[in-house]
Amino acid sequence: MANEGTPAVRLRTQVLLLQIVVVTLTLGVAFAVFGYVSDQRLRDAYGQRALAIARTVAADPAVRGEVAQYTAGTVAPDLEQRQQLAAGPLERVAVDTTQRTGALFVVITDEAGIRLAHPDQARLAEHVSTDPSEALSGREIIVEERGTLGDSMRAKVPVVAPDSDRVVGQVSVGISTTAIRGQLLDDLRTAALLIGAALIVGILGSAMLARRWRGLTLGLEPAELAELVRSQAAVLHGIGAGVLAVDSSWRTTFVNDEARRLLDIDTGIGRPVDEIGLTPRVLEVFRSLDEQPTPATVGSHIVVVSARPVSRDGRDLGAVLTVRDRTDVESLTRQLDAVQSMSTVLRAQRHEFSNKMHLLSGLLHGRRTEEASHVIDELIGAGPLGAATPGIDAIHDAYLQAFLAAKAAHSRESGVELVLGPNTWVAGNLADPVDVTTVLGNLLDNAIEAARMSDNPMKQVEVELVQEDSTLHIVVADSGDGIATGVIDSLFTEGASTRDDRGVPGGRGVGLALIRQIARAHGGDVRLASAHGDNAPLLGAEFIARIPGVLVDSEMPWPQQI
């Protein structure tokens with residue numbers, strides 16, 4: 001930890017410095033290994049060169065014959081002998097070979113190690129300064145030694161007598177270690193230039209990597225990134241909304257638990273957003289980056305989705321889809337609509353009943369008992385509910401009766417007559433009134449709207465409800481203009497609508513898709529039976545819905561008819 005008041009070195013700077021140190025150490029070690037290997041290679045190469053020269057000289061027949069003339073003890077270290085050797089053929093061969101090959105020296109000795117040829121003629125007829133025993137014993141050797149002419153890499157080769165295997169002397173050829181060091185320095189200078197270039201490239205690469213790191217982490221330090229991840233996990237997993245994030249390549253980078261639940265998708269981290277199981281409507285909203293909240297249905301959920309792009313410092317980072325659950329809200333809205341509709345019917349009934357009671361009061365005060373009796377019989381025999389929707393007595397469930405009465409009142413306000421089909425018969429009670437009224441209400445609303453907007457003078461909607469065990473069959477037909485041929489195939493597709501969606505938040509096209517999903521969730525279905533009616537006056541569309549398991553047996557007796 002940095003001392004208080006001392007700014008901490010940023011991680012990318014630390015990484016950059018560490019990479020430079022590692023690169024420098026690596027190249028330094030490589031340079032040292034190269035120097036060592038080069039030195040050994042050069043010494044071996046120069047040793048082999050000296051050996052080749054020595055072999056050539058030792059194999060010369062003239063050299064062999066001349067050396068064989070000098071036996072041990074015949075060479076005296078006096079001036080006359082030195083002069084004789086200096087002018088002899090062995091000295092000429094040695095000098096000529098030294099000049100031609102660039103060797104430091106070529107020395108020829110007899111079998112006792114006495115010099116017969118030497119670069120320094122003053123040392124002729126003297127014993128060599130290094131041990132000649134290996135070569136004189138018949139073995140070739142390469143060795144680095146220091147002699148009278150300095151350090152050298154030298155090769156020693158035995159000289160054998162002509163037509164014999166007897167060793168009569170040796171040839172020693174040396175190459176100065178100074179030449180070896182000079183060649184090594186040249187090689188090291190070349191290697192140093194290459195390593196220097198590699199070091200510069202490594203430093204530049206490290207700097208580029210640090211810059212790339214800064215871009216990938218958005219300039220955040222590890223502690224900041226860790227805190228960001230913790231905060232993200234706490235916030236995005238703790239909120240009630242679903243969140244789905246993608247990068248600039250539209251690959252998923254984050255999905256919280258609520259999004260998985262509401263969108264019914266796989267985790268899919270790193271997968272293209274098209275492959276994680278989003279519904280077409282949700283995917284369309286996401287792809288278009290529509291920030292306007294848009295309703296959609298996913299399985300049994302009704303959700304509101306919106307999307308927006310994400311950027312930082314002008315850099316595109318991807319997009320985020322926000323999902324909110326509206327299932328409970330939508331359910332409550334449907335129930336509230338039903339309650340409001342029933343409230344409207346009750347107010348109308350109260351007003352109608354109040355008028356009849358005023359009439360009855362007037363008749364009684366006028367002592368017109370016979371007319372008052374007829375009014376009472378009418379109230380008892382029909383009642384406001386029965387008078388408002390003829391044939392509704394064929395439906396036993398009070399909730400369904402009230403809902404149809406409310407829709408009948410709504411249709412009358414729209415100038416449309418709602419009638420019950422002649423085959424209507426429901427003896428049971430609703431086990432799931434919300435789902436039933438959602439399906440029935442949507443079909444009726446669409447039919448009433450179609451009949452109201454039609455040019456057909458007969459404005460009528462017919463609904464028929466039939467019970468089959470616990471299954472409810474619903475048929476709704478209208479006198480509207482029917483369904484256009486071009487939208488029949490996409491009628492139940494989410495987002496498709498035959499009506500203008502201007503002024504409708506999120507657009508139309510959810511209702512039919514929603515009620516089909518509700519029906520299918522019960523094992524049933526909703527389908528278009530006819531795009532255009534065959535019999536007047538119902539020339540419009542006809543829809544059929546089947547919802548199993550939504551009716552239970554009635555435990556109440558049918559009311560007695562008067």
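Since this is a predicted model, take the numbers as computed values, not measurements.
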Nearest heavy-atom approach of L420 to L404 is CD2-CD1, 4.1 Å
Least distance between heavy atoms, S479 atom then A451 atom:
OG-CB, 3.8 Å
Salt-bridge present ([X], [Y]; N to O < 4.0 Å):
X	Y	value
E258	R261	yes
R189	D186	yes
D445	K407	yes

Go through the steps for E449 and R452 under the test salt bridge (charged side-chain N to carboxylate O under 4.0 Å, His left out), then give the verdict.
CA-CA 5 Å; E449 180 72 9; R452 184 181 69 84; 3.0 Å; yes
Looking at [X] and [Y], would you say the former's side chain and the latter's main chain have a donor-acceptor pair under 3.5 Å?
X	Y	result
S530	E542	no
T252	G270	yes
H473	L465	no
K459	S411	no
R260	V255	yes
E464	N423	yes
R251	R271	no
Q467	W425	no
S288	F286	no

Would you please test R520 and D525 for salt bridge (charged side-chain N to carboxylate O under 4.0 Å, His left out) and show each step?
CA-CA 5 Å; R520 287 180 174 179; D525 201 359; 3.2 Å; yes
When rounded to the nearest 0.5 Å, the distance separating CG of D478 from CG of L418 is 11.5 Å
Could you give me the CA-CA distance, side-chain angles and deciding distance for R41 and D187, then say whether salt bridge (charged side-chain N to carboxylate O under 4.0 Å, His left out) is met?
CA-CA 11 Å; R41 178 181 57 81; D187 291 347; 3.2 Å; yes
Stepwise side-chain hydrogen bond (donor to acceptor under 3.5 Å, both in side chains) check, S311 with D316
CA-CA 5 Å; S311 62; D316 180 21; over 6 Å; no
Can you find a side-chain donor-acceptor pair between D481 and S454 that sits under 3.5 Å?
yes
